[in-house]
Amino acid sequence: MSGIAGAIDNRRKVSRELLERMAESMRYHPGARVDLWNDGGTALCRLHHEITNRTPQPVFNAERTRCLVLFGELFTGGDDAEYALRLYEERGRAAFGELDGSFCLAVVDLISRETLLVSDRFSSRPLYYTVTPQGALLFATQVSSILRSPEVSREHHERSVLELFHFQRVFGTKTLNRAISVLPPGSVLSFRDSTASIEAYFEMRYRPEPGSERRYVEEMAHVMRHAADRVTGDGHRMGVLLSAGLDSRMVLAAATGDLACYQFNDTKNHEWFKAERLAAARGFELRYIQRDPDHYLNLYDESIEIGGGMYQFNYAHAIGFFEGLRGDCDFMLHGYAPELYFRGTNVPHVDRMFLGKRYRKAIDWTLTAESVREKMLTKLKYSLRAKNPAQLFLAPYASRLDEAARQSIGEQVEEAARHSDDPYDQFLWPDTFYHSKFPSFVFENSIRSFIGERSMVFFNDVLDLHLRMPVKLRADSRVWVRAVRELHSGVAAVADANTGYSPFLPWQMVAGLDTALWIGRKLRVIPTPPRDPGHATISWPRFQEIIRHHAKLQELIRSTVNDPGCLDPEMFDIRRLNEMMDEHLTQGVDHRHLLFLAITFGGWNKKYGPGTRAEPLRD
């Protein structure tokens with residue numbers, strides 16, 4: 001994986017073997033270049049794809065009294081690590097507020113022995129850390145890299161485990177491991193004399209500015225064009241993962257250069273043909289990459305490792321596709337994340353009815369400061385409360401699940417309330433501020449493990465637009481779709497694969513067309529096309545059916561559930577988990593999320609749980 005890692009010990013020499021272990025744990029393809037540097041109590045490493053920032057790291061100031069390692073890009077026009085160090089030399093910690101892009105970094109003062117860890121404003125490249133009982137600082141862009149040290153406890157954080165099964169995420173700065181945390185967005189960790197402290201250099205404070213829809217359409221189009229120029233305008237070969245939804249088409253509409261367009265899928269389905277039309281609107285061809293029947297089974301181990309066990313393994317859809325694309329592309333773009341900031345996908349919704357038929361969701365405008373906590377328990381995107389996650393656990397863990405969920409939500413709302421008075425912003429806080437904890441973030445992070453990756457979202461002016469834009473204007477897709485049309489009308493006109501209709505059709509007309517189609521199929525006037533049970537009309541498969549029709553995946557679930565090294569039988573209800581698997585296979589009950597979380601956590605626990613330990617260091 002591309003990333004950075006390090007060990008700082010002001011009392012003794014850092015083992016080179018430890019540094020090599022940490023680096024090797026992040027390597028997912030043999031072509032990754034590794035930079036290692038060890039000078040007594042300071043050991044740093046970087047893995048990268050040798051596309052940009054080719055200067056070996058760490059980089060040093062002229063006096064060689066300070067050094068810096070960086071993961072990501074700043075789009076400064078030169079070597080990003082050298083620029084960041086030079087700016088820090090000139091302005092001290094004030095420099096970090098001026099950095100723009102997707103990055104994390106570490107800077108070490110070799111004279112004062114102070115180390116600074118820095119995250120960008122999104123924590124778009126999460127940086128994990130721990131201070132060991134012996135007083136050393138270990139950090140890395142992957143949790144398992146830190147756990148290569150035998151000095152780091154592998155005890156689980158119980159509330160993190162309960163959060164994972166309730167919300168499909170671990171909130172705040174916690175990880176599954178009690179000893180390891182993630183650096184908050186826009187923050188600086190200072191480590192000196194075996195003590196760490198954290199302060200924010202950026203505060204994500206909402207400050208909505210009243211303005212017309214037209215004003216924000218124009219501003220969004222301008223901001224996205226500028227972001228596209230920054231990610232595509234440096235002469236590298238660019239690819240884009242192109243769905244036919246509303247987010248990746250913004251990449252297509254805003255980009256000014258050539259893009260190699262790709263879609264991986266089970267079959268050339270409904271979404272494929274819509275995406276093909278999108279690419280054609282820009283004069284590009286769409287390359288089809290067929291998903292292997294064992295695709296999700298094959299990515300299981302790497303997904304768990306990359307995600308630190310905190311992300312349902314099957315969300316790492318992209319693993320396995322990029323080995324063959326590195327010869328064609330330097331960077332892969334995608335449309336992940338804009339829906340969190342500008343399209344209102346994750347705000348609470350209610351059912352919308354049309355002619356007695358439940359139709360698409362409408363925004364629930366009844367949210368208040370008093371109701372936000374209760375709504376988050378049930379309406380937060382990816383929440384599994386309705387699936388009764390307590391059934392996975394034995395007492396007393398099952399009884400503590402609801403209490404833990406309420407405590408976690410309360411902490412999130414209290415933190416959010418210090419940055420916005422609007423309950424909708426407070427509701428979205430776990431998604432927008434703690435972006436890297438969003439359940440499907442492992443998709444984005446896994447791309448970086450194999451190829452260069454860039455996003456149009458992770459720039460300061462994009463975040464600034466989100467913070468200034470009134471909630472009413474970013475609560476649905478209206479401004480977003482109109483900004484796409486402002487940039488390229490042909491791209492905007494292609495039907496949305498998620499609805500099958502033009503993004504500009506009124507919802508009543510879409511509802512009427514949907515109802516007519518439903519009636520036609522019920523009366524068999526319109527045939528229902530046959531399809532493989534696991535295939536969907538979009539690019540992601542129907543996972544509930546894959547479980548029912550994939551013997552190897554069934555075997556993985558059964559073996560993980562029944563392995564006490566994976567799931568502790570004193571914590572988990574193994575009998576109930578086996579019953580759930582039977583219900584899923586024979587009764588049509590959809591338990592896929594709980595089963596997939598169980599084997600995600602189980603796979604992580606088998607390798608890094610309390611019953612395991614790192615090998616002793618030889619040197």
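Heavy-atom basis, side chains included; hydrogens, waters and symmetry copies ignored. Fair warning: this is a prediction, and the values are worked out from it, not measured in the lab. If you read the sequence from its start, that first residue is 1, and numbering goes on from there.
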S.K.: Just checking, is any N or O donor in the side chain of Glu415 or Tyr434 under 3.5 Å from an acceptor N or O on the other one?
M.R.: yes
S.K.: Are Trp37 and Phe60, when compared by the centres of their aromatic rings, separated by less than 6.0 Å?
M.R.: yes
S.K.: Between Arg12 and Glu151, is the closest basic N to carboxylate O distance under 4.0 Å?
M.R.: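 Between Arg12 and Glu151 there is a salt bridge, with a charged N closer than 4.0 Å to a carboxylate O.
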S.K.: Going by an N to O cut-off under 4.0 Å, is there a salt bridge joining Glu444 and Arg125?
M.R.: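 No, Glu444 and Arg125 are not salt-bridged.
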S.K.: What salt bridge (Lys or Arg N to Asp or Glu O under 4.0 Å) pairs are there with at least one residue in residues 292-319, not counting sequence neighbours?
M.R.: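 Applying salt bridge (Lys or Arg N to Asp or Glu O under 4.0 Å) to every pair that reaches into residues 292-319, excluding sequence neighbours, yields Arg148-Glu305, Asp294-Lys552, Glu305-Lys607.
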S.K.: So which atom in Ala5 and which in Met22 form the shortest heavy-atom distance, rounded to 0.1 Å?
M.R.: CB-CE, 4.0 Å
S.K.: Under 4.0 Å between a Lys/Arg side-chain N and an Asp/Glu carboxylate O for Lys606 and Asp563?
M.R.: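 A salt bridge is present here (some side-chain N lies under 4.0 Å from a carboxylate O).
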S.K.: Decide whether a cation-pi geometry holds between Arg454 and Phe331; the criteria are a distance under 6.0 Å from NZ or CZ to the six-membered ring centre and an angle within 45° of the ring axis.
M.R.: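 That pair qualifies as a cation-pi contact.
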S.K.: I'd like to check Tyr129 versus Leu189 (side-chain heavy atoms, cut-off strictly below 4.5 Å). Are they in contact?
M.R.: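 The answer is yes, as the side chains (C-beta and beyond) meet within the 4.5 Å cut-off.
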S.K.: Would you say the side chain of Leu384 lies within less than 4.5 Å of the side chain of Leu597, judging by non-hydrogen atoms?
M.R.: yes
S.K.: Can we call the ring centroids of Phe167 and Tyr382 under 6.0 Å apart?
M.R.: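 So the answer is no for these two rings.
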S.K.: For the ring pair Tyr311 and Phe438, is the centre-to-centre distance below 6.0 Å?
M.R.: no
S.K.: Is Arg385 paired with Asp402 through a side-chain N to carboxylate O contact shorter than 4.0 Å?
M.R.: yes
S.K.: Indicate, with yes or no, if the rings of His435 and Phe458 have centres closer together than 6.0 Å.
M.R.: yes
S.K.: What closest approach, in Å, do Asp80 and Gly72 show between heavy atoms, and which atom pair accounts for it?
M.R.: OD2-O, 4.1 Å
S.K.: Between Glu163 and Lys174, does a salt bridge (Lys or Arg N to Asp or Glu O under 4.0 Å) hold up when you go through it step by step?
M.R.: CA-CA 10 Å; Glu163 286 174 358; Lys174 303 189 304 297; 3.0 Å; yes
S.K.: Decide yes or no on side chain to side chain contact (heavy atoms under 4.5 Å, CB included) for Trp604 and His156, but give the supporting numbers first.
M.R.: CA-CA 11 Å; Trp604 174 260; His156 284 319; 4.2 Å; yes
S.K.: Would you call Arg558-Asp582 a salt bridge at under 4.0 Å N-O?
M.R.: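 Counted as a salt bridge, because a side-chain N and a carboxylate O are separated by less than 4.0 Å.
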S.K.: Could you tell me which residues satisfy side-chain hydrogen bond (donor to acceptor under 3.5 Å, both in side chains) with Arg64, sequence neighbours excluded, listed by chain and number?
M.R.: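 None.
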S.K.: His295 pairs by ring pair (Phe, Tyr, Trp, His ring centres under 6.0 Å) with which of Tyr300, Phe321, Trp540?
M.R.: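 When Tyr300, Phe321, Trp540 are each tested with His295, the ring pair (Phe, Tyr, Trp, His ring centres under 6.0 Å) holds only for Phe321.
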S.K.: Taking the six-membered ring of Phe202, is NZ or CZ of Arg121 closer than 6.0 Å to its centre and within 45° of its axis?
M.R.: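 Checked: cation-pi criterion met.
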S.K.: Under the side chain to side chain contact (heavy atoms under 4.5 Å, CB included) criterion, do Gln412 and Phe433 qualify, and how do the steps go?
M.R.: CA-CA 10 Å; Gln412 291 291 293; Phe433 183 71; over 6 Å; no
